[in-house]
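Note that the numbering runs from 1 along the sequence shown for the chain. Values in this document were obtained by computation on a predicted structure and should not be read as measured data.
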Amino acid sequence: MLFSGRPPQYPHLVTFLDHQRRNPRRGKGQGIPYGAIVSGVIIAALLVGDKIPLVKWLAMAVLIGVAGWFVYQSTQERPNKVDTETRLRREAQESGTLMRAALQHRRLHRDLGEPSLILLDEAGRQWARVQESLSHPFWGSDSLPVHYESVKEQSQRAAESGMNEVLALFRPLMPDAHVRRPVMDYVGEAIEGLAKKPSDADQTLPPMYGLARDLVEQMRTMADELEKITSSAALDPATFQQHGAAPALEGAIHDLRNLRQAEQELQQAINSPPPVDTSRFEGQ
């Protein structure tokens, strides 16, 4: 049953947060230091310009143009220059960082409440199911057909995007900083647990809960379909009919048989003496 029971310490959420910390992804254009490359080219041109005046003047003109472009860019609204996927990834990274800090200070359940944490852990479980399916040797085969490669990439992106959006939805509930909890806070929590009295955060669902739940349901459906495809395609020999090792093996077997036949014929020729021509002795 989806979302039933309380997961111990939210292991699936913790797993994804650790994955997010170990594998930060850059946005478009962040992986290439264009500014450094342009600056290096301009400096090199200025140095060469001591011997070639024309190159020096051209380099200075380019430098003025680049400086003007940066001034113009600084006057524009930066959010419009960032695509939606990159913005979502940044918000998810920020939310994940705050959640890891809250876990370290043992107050994430205070910030989000029990229902939200169960939902987040369920999202992590569906993400983990996708990763488990894609780790099957079938998806890592060098002879994987092209259309399966497309499904693999699309599933990976969708699972990552789903988790990023769920984390970003809960970002408004996370405080910007955490301080170490006082001892009385733990005492009050223990008393509350013994009395089985839910906290205020557990009594009211946050406004983003419904949207996040719909996303998790979609992630579950995708994980189900991916598991079905993996189990059926991995057992179907026809999947690799034109992409597997069978043609290479057949060719090798054919060549080996031809070689063995040629060796047998050569051996027979060596062991059998050539026939004697008796026609020249006839009539003598």
Side-chain angles (χ1 to χ4, degrees), residues 1-3 7 10-32 82-97 99-100 118-171 211-251:
M1 187 74 178
L2 191 64
F3 311 134
Y10 316 106
H12 305 295
L13 174 60
V14 172
T15 298
F16 179 79
L17 292 177
D18 289 341
H19 161 79
Q20 186 190 59
R21 176 180 54 84
R22 293 191 306 267
N23 302 277
R25 295 184 60 185
R26 298 180 180 272
K28 295 180 180 180
Q30 292 180 325
I32 304 176
V82 181
D83 62 283
T84 303
E85 182 180 356
T86 301
R87 189 183 305 113
L88 177 64
R89 189 182 304 118
R90 290 177 180 176
E91 292 176 1
Q93 285 282 356
E94 183 179 355
S95 182
T97 299
M99 288 184 184
R100 286 190 294 270
I118 292 178
L119 181 63
L120 282 165
D121 192 72
E122 184 66 19
R125 188 172 77 88
Q126 304 309 326
W127 174 84
R129 289 178 61 200
V130 173
Q131 308 311 310
E132 183 178 0
S133 294
L134 294 180
S135 65
H136 191 281
F138 165 76
W139 296 104
S141 173
D142 293 335
S143 56
L144 187 67
V146 176
H147 56 285
Y148 281 97
E149 283 282 0
S150 177
V151 171
K152 176 182 178 181
E153 295 176 1
Q154 184 178 3
S155 300
Q156 184 66 66
R157 287 197 307 268
E160 199 83 12
S161 178
M163 279 302 301
N164 284 339
E165 187 163 351
V166 171
L167 288 181
L169 283 173
F170 286 95
R171 170 62 183 90
L211 180 57
R213 182 187 175 98
D214 292 341
L215 287 171
V216 177
E217 290 283 3
Q218 290 180 329
M219 292 175 65
R220 179 183 63 82
T221 302
M222 186 188 70
D224 290 343
E225 294 298 324
L226 186 61
E227 286 180 352
K228 293 176 183 178
I229 291 177
T230 302
S231 60
S232 61
L235 298 176
D236 185 7
T239 303
F240 297 99
Q241 184 175 2
Q242 299 178 354
H243 305 274
L249 289 173
E250 291 177 359

Subject >> Distance in Å, S141 OG paired with E149 CD, rounded so as to fall on 0.5 Å steps >> reply: 9.0 Å
Subject >> Euclidean distance, M219 CE relative to L226 CG, rounded to 0.5 Å >> reply: 12.0 Å
Subject >> Expected output: side-chain S135 to main-chain E132 donor-acceptor under 3.5 Å >> reply: yes
Original post:
Looking at residues at least two apart in the chain, or sitting in another chain, which of them share a side-chain contact (heavy atoms from CB on, under 4.5 Å) with A92?
Top reply: Q20, N164, L167
**OP:** Tell me, please, which residues at least two apart from E91 pass salt bridge (charged side-chain N to carboxylate O under 4.0 Å, His left out).
**Re:** none
**OP:** Could you walk me through whether S95 and M99 pass the side chain to side chain contact (heavy atoms under 4.5 Å, CB included) test, one step at a time?
**Re:** CA-CA 6 Å; S95 182; M99 288 184 184; 3.5 Å; yes
**OP:** Verify whether one side chain among R157 and Q154 offers a donor that lies under 3.5 Å from an acceptor in the other.
**Re:** no
Original post:
Can E217 and R220 be counted as an ion pair, charged N to O under 4.0 angstrom?
Top reply: yes
**OP:** Evaluate whether atom CG of D214 has more than 12 neighbouring non-hydrogen atoms of other residues, nucleotides or ligands under 6.0 angstrom away.
**Re:** yes
Subject >> Test salt bridge (charged side-chain N to carboxylate O under 4.0 Å, His left out) applied to R100 - qualifying residues, sequence neighbours left out >> reply: none
Subject >> side-chain hydrogen bond (donor to acceptor under 3.5 Å, both in side chains) against H19, all qualifying residues, sequence neighbours excluded >> reply: N23, E160
Original post:
Minimum heavy-atom separation for G124 to H12, with atom names?
Top reply: C-CB, 3.5 Å
Original post:
Quick one: side-chain contact (heavy atoms from CB on, under 4.5 Å) partners of Q131, sequence neighbours excluded?
Top reply: W127, Q156, A159
**OP:** Return the set of residues passing salt bridge (charged side-chain N to carboxylate O under 4.0 Å, His left out) with E153 (not counting sequence neighbours), or none when no residue passes.
**Re:** none
**OP:** Determine, for R90 against E94, whether the closest basic-nitrogen to carboxylate-oxygen distance falls under 4.0 angstrom.
**Re:** no
Original post:
Closest heavy-atom contact between A212 and V166?
Top reply: O-CG2, 4.4 Å
